[in-house]
Amino acid sequence: MPAISVIYGKIIYVMSTVAELKAELKLLNAEYAKIKDVPAEKRADFGKQLNHKKQAIMQKIADAEAAAENDSVEALDITAPCDINGKQPEFLTADFGSKHPLMSEFDRVIAIYQSMGFDIMESRQLDDEFHMFDSLNFAKGHPARDGYDTFRTEEGFIPPAHTSTMQHRVLKAYKYKLDEGKAIAVAVPGRVYRNEDVDTTHEHTFYQCEGVYVSETCTLGNMLGILREFFEKYYGQKLNIKTQPGYFPFTEPSLEFLIEKPKALGGKGGDWLEMLGCGMIHPNVLKMAGIDPVKYQGFAWGGGIDRLVMLRYGLTDVRYFESAKLDFLKEFTC
Ligand code: DAH
């Protein structure tokens, strides 16, 4: 006897099969109206064929409905050992689902950065101490490490607390661009994890996007231009922006980047929202990746995608994203 989820999947499957067959039947019924236009000598044959088809469809509908009724749900034996080599559950085909709203927005974010000439590198879901802290100029035992209270596996791996864990890899992988006289311009979207007390604005699992730019001549002004462009494209309108001082061991100077909540999105004027952290890449971070910090300079930024999406759609509780609440998800299906 299949598990409940399989039966449920099957029922949905049968329901849509029946719906498709009924639609077919409706089309066929319309064909009957054409009998009068068929030449008299062929009329009988034409009618017979239609009847034949109609019977076949009706039989299929009856069979499908009977098959759905025959499945009764048997209680699962949760004490039974898992047979890993046994038959795996049948999942619904992808046509029954739709993209999670966060994933659609994730794609939108990627598309904007691509349109601005950025390469894309997705971040990892499991990383290590070196990429999480050391390569980002966090001194051993420095209290700044506490700001990134994340999880660890028994083997010592770290589900990354931010997409900045990818900075070192990006710098090393794209260093060749500098040798070719070009700039490094890479955006890194990814899923991140934090040991948070979960509430309306904090989740243990969320999404971020990092940006890394390095060239011989780039300035903080260029970074602000890029960020303004990104946010204006994402929200489809002109925005007021400002920065305030921040602290990150991997940037010097470090800034927080804010936008004024637009009126169209419920802003009353003067509501400043912190969207991300950013700054000029610390010379030690460049050096560790083998890039000469005297010749080259860069800037980087990183911010939450969930927060971006919440503002766009006026959502007030970040927990909905991970909640699998169908009522919520259905509002985003098209
Ligand atoms: N990774 C930081 C965080 O999650 C945000 C950040 C700050 C990213 C400064 C950067 C940066 O790339 O330069 O809090």
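Start at 1 with the first residue, then count along the sequence. Everything quoted here is computed from the prediction, not taken from an experiment. Each ligand, and each atom within it, is numbered from 1 in the order the structure gives.
Listed by chain and number, the residues in a salt bridge (charged side-chain N to carboxylate O under 4.0 Å, His left out) with Glu180 are Lys182 (sequence neighbours excluded). Listed by chain and number, the residues in a side chain to side chain donor-acceptor pair (under 3.5 Å) with Thr251 are Ser254 (sequence neighbours excluded).
Side-chain contact of Tyr234 with Glu105: a donor-acceptor pair under 3.5 Å is present, judged by distance alone. Using modelled atom types and a 3.5 Å distance limit, the side chains of Glu203 and Thr205 yield no donor-acceptor pair.
Contact residues for ligand 1 (protein heavy atom closer than 4.0 angstrom to any ligand atom): Tyr148, His162, Ser164, Gln167, Arg194, Gln208, Glu210, Phe248, Phe250, Thr251, Gly277, Cys278, Gly279, Ala300, Trp301, Gly302.
Side-chain rings of Phe206 and Tyr193 stay apart, their centers remaining 6.0 Å or farther from each other.
Applying the side-chain hydrogen bond (donor to acceptor under 3.5 Å, both in side chains) test to every pair with at least one member in residues 218-228, sequence neighbours left out, gives these pairs: Thr219-Asn222, Arg228-Glu232.
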